[in-house]
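Chain letters run A, B, ... following the sequence lines, proteins first and then strands; every chain starts at 1.
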There are 2 protein chains.
Amino acid sequence: MRNERLRGYLDVILLSILLEGDSYGYDIAQQVSDQTHGALAIKEGSLYPALKRLEANRFIEGYWGTDKDSGPRRRYYRITDRGKSHLRKLQEEWNAEQRLLSVFFDKVVPE
Amino acid sequence: MRNERLRGYLDVILLSILLEGDSYGYDIAQQVSDQTHGALAIKEGSLYPALKRLEANRFIEGYWGTDKDSGPRRRYYRITDRGKSHLRKLQEEWNAEQRLLSVFFDKVVPE
DNA sequence: CTCCAAACATAGCCTATCTATGTATGTTGC
DNA sequence: GCAACATACATAGATAGGCTATGTTTGGAG
């Protein structure tokens with residue numbers, strides 16, 4: 001999968017990861033890689049701006065990790081109710097989109 | 001469907017339209033609109049550059065309409081064998097992509 | 001004490017689509 | 001016959017979201 005294909009899907013990916021529990025940037029990227037068996041890699045240059053965008057739109061809320069976390073500081077995020085309904089909406093749009101595009105993608109190429 | 005979502009899919013749409021017979025820009029746009037019941041509208045600013053791009057890559061071949069065509073001149077396009085195998089490849093990629101993304105899009109949002 | 005992974009951050013780039021505009025041709029109504 | 005409109009192609013510039021490249025800080029391994 002050309003990674004550019006993330007365009008437009010990144011928000012859903014991030015929100016759906018946070019649906020399963022609070023997490024922070026670096027870990028989210030690893031979850032995505034794990035859940036797609038390495039097929040999808042979110043780049044840092046996409047990830048952190050996206051998280052800020054989602055936070056600015058109040059789809060997620062960020063907070064700094066507690067002292068007992070080891071390593072560099074981590075900024076955790078939790079999904080908001082607003083974020084959940086946004087996610088639902090995006091999922092529905094995606095389904096509609098797939099049905100629409102299948103008109104073209106399902107056409108059989110002869111030979 | 002946000003029209004921006006065409007990004008990456010336009011080539012498949014155009015190639016799959018031409019699979020069913022030679023056509024020209026303006027008519028292709030109408031076929032797309034018809035086949036999606038008006039849900040998808042390809043803008044001229046996307047359409048004509050895309051056709052040139054496909055021609056430059058030898059996925060399609062263009063030729064000017066004959067004298068007996070009425071109205072302004074039309075530039076017809078036919079899909080090449082190279083275009084057909086490209087289309088097949090894009091279709092396969094799309095299917096793989098859908099399977100991949102369904103991991104995130106199928107997650108059920110509670111409440 | 002050095003080196004590397006974890007973790008966050010951001011400036012600038014890339015590129016496919018869109019907006020807006022322009023041109024030319026044929027048809028329809030009056 | 002001519003104004004108004006739909007057809008048809010074309011393109012310059014804007015937009016936007018993901019990527020490249022780079023930088024910083026912190027802690028653990030050897």
Q: Please tell me which of the listed nucleotides, D/dC9, C/dC8, C/dC18, lies nearest to the side chain of B/Lys43?
A: C/dC18
(Q) Ignoring hydrogens and geometry beyond distance, is the side chain of B/Glu44 in donor-acceptor contact with the base of D/dC9 at under 3.5 Å? (A) yes
Q. Can B/Glu93 and B/Lys89 be counted as an ion pair, charged N to O under 4.0 angstrom?
A. yes
Q | Partners meeting side-chain contact (heavy atoms from CB on, under 4.5 Å) with A/Asp34 (sequence neighbours left out) | A | none
Q) For B/Arg73 and D/dA8, is the shortest distance between a side-chain N/O and OP1 or OP2 below 4.0 Å? A) no
Q | Below 4.0 Å: OP1/OP2 of D/dC9 and any side-chain N or O of B/Arg75 | A | no
d([atom1], [X]; [atom2], [N]) in whole Å:
| X | N | atom1 | atom2 | result |
| --- | --- | --- | --- | --- |
| A/Arg7 | D/dG17 | CZ | P | 7 Å |
| B/Tyr63 | D/dC9 | OH | P | 12 Å |
| A/Tyr9 | D/dG18 | OH | P | 11 Å |
| A/Asp11 | D/dA16 | CG | C1' | 13 Å |
| B/Ile42 | D/dT7 | CD1 | C1' | 17 Å |

Q. So which pairs with a foot in residues 14-34 of chain B pass ring pair (Phe, Tyr, Trp, His ring centres under 6.0 Å), sequence neighbours left out?
A. B/Tyr24-B/Tyr76
Could you go through residues 11-20 of chain B and list every donor-acceptor pair under 3.5 Å that involves a side-chain atom there, pairing it with any protein atom two or more places apart or in another chain?
from, atom 1, to, atom 2, distance (Å)
B/Asp11, OD1, B/Arg53, NH2, 3.0
B/Ser16, OG, B/Val12, O, 3.4
B/Ser16, OG, B/Ile13, O, 3.2

**Q.** Test item: A/Phe105 and B/Asn95 side chains (from C-beta on) under 4.5 Å apart, heavy atoms
**A.** no
**Q.** Under the salt bridge (Lys or Arg N to Asp or Glu O under 4.0 Å) test, residues paired with A/Glu55 that sit two or more places apart
**A.** A/Arg75
(Q) Which residues pass the ring pair (Phe, Tyr, Trp, His ring centres under 6.0 Å) test with A/Phe59, not counting sequence neighbours? (A) A/His86
Q.
B/Gln98: which residues meet the side chain to side chain donor-acceptor pair (under 3.5 Å) condition with it, sequence neighbours left out?
A. A/Gln98
Q) Sequence neighbours excluded, which residues qualify as side chain to side chain donor-acceptor pair (under 3.5 Å) partners of A/Asp106? A) none
(Q) So if I take residues 46-59 of chain A and measure heavy-atom distances to DNA chain D, which residues fall below 4.0 Å? (A) A/Ser46, A/Arg53
Q: Mind listing the residues from residues 17-30 of chain B sitting with a heavy atom below 4.0 Å of DNA chain D? Number order is fine.
A: B/Tyr24, B/Gly25, B/Tyr26
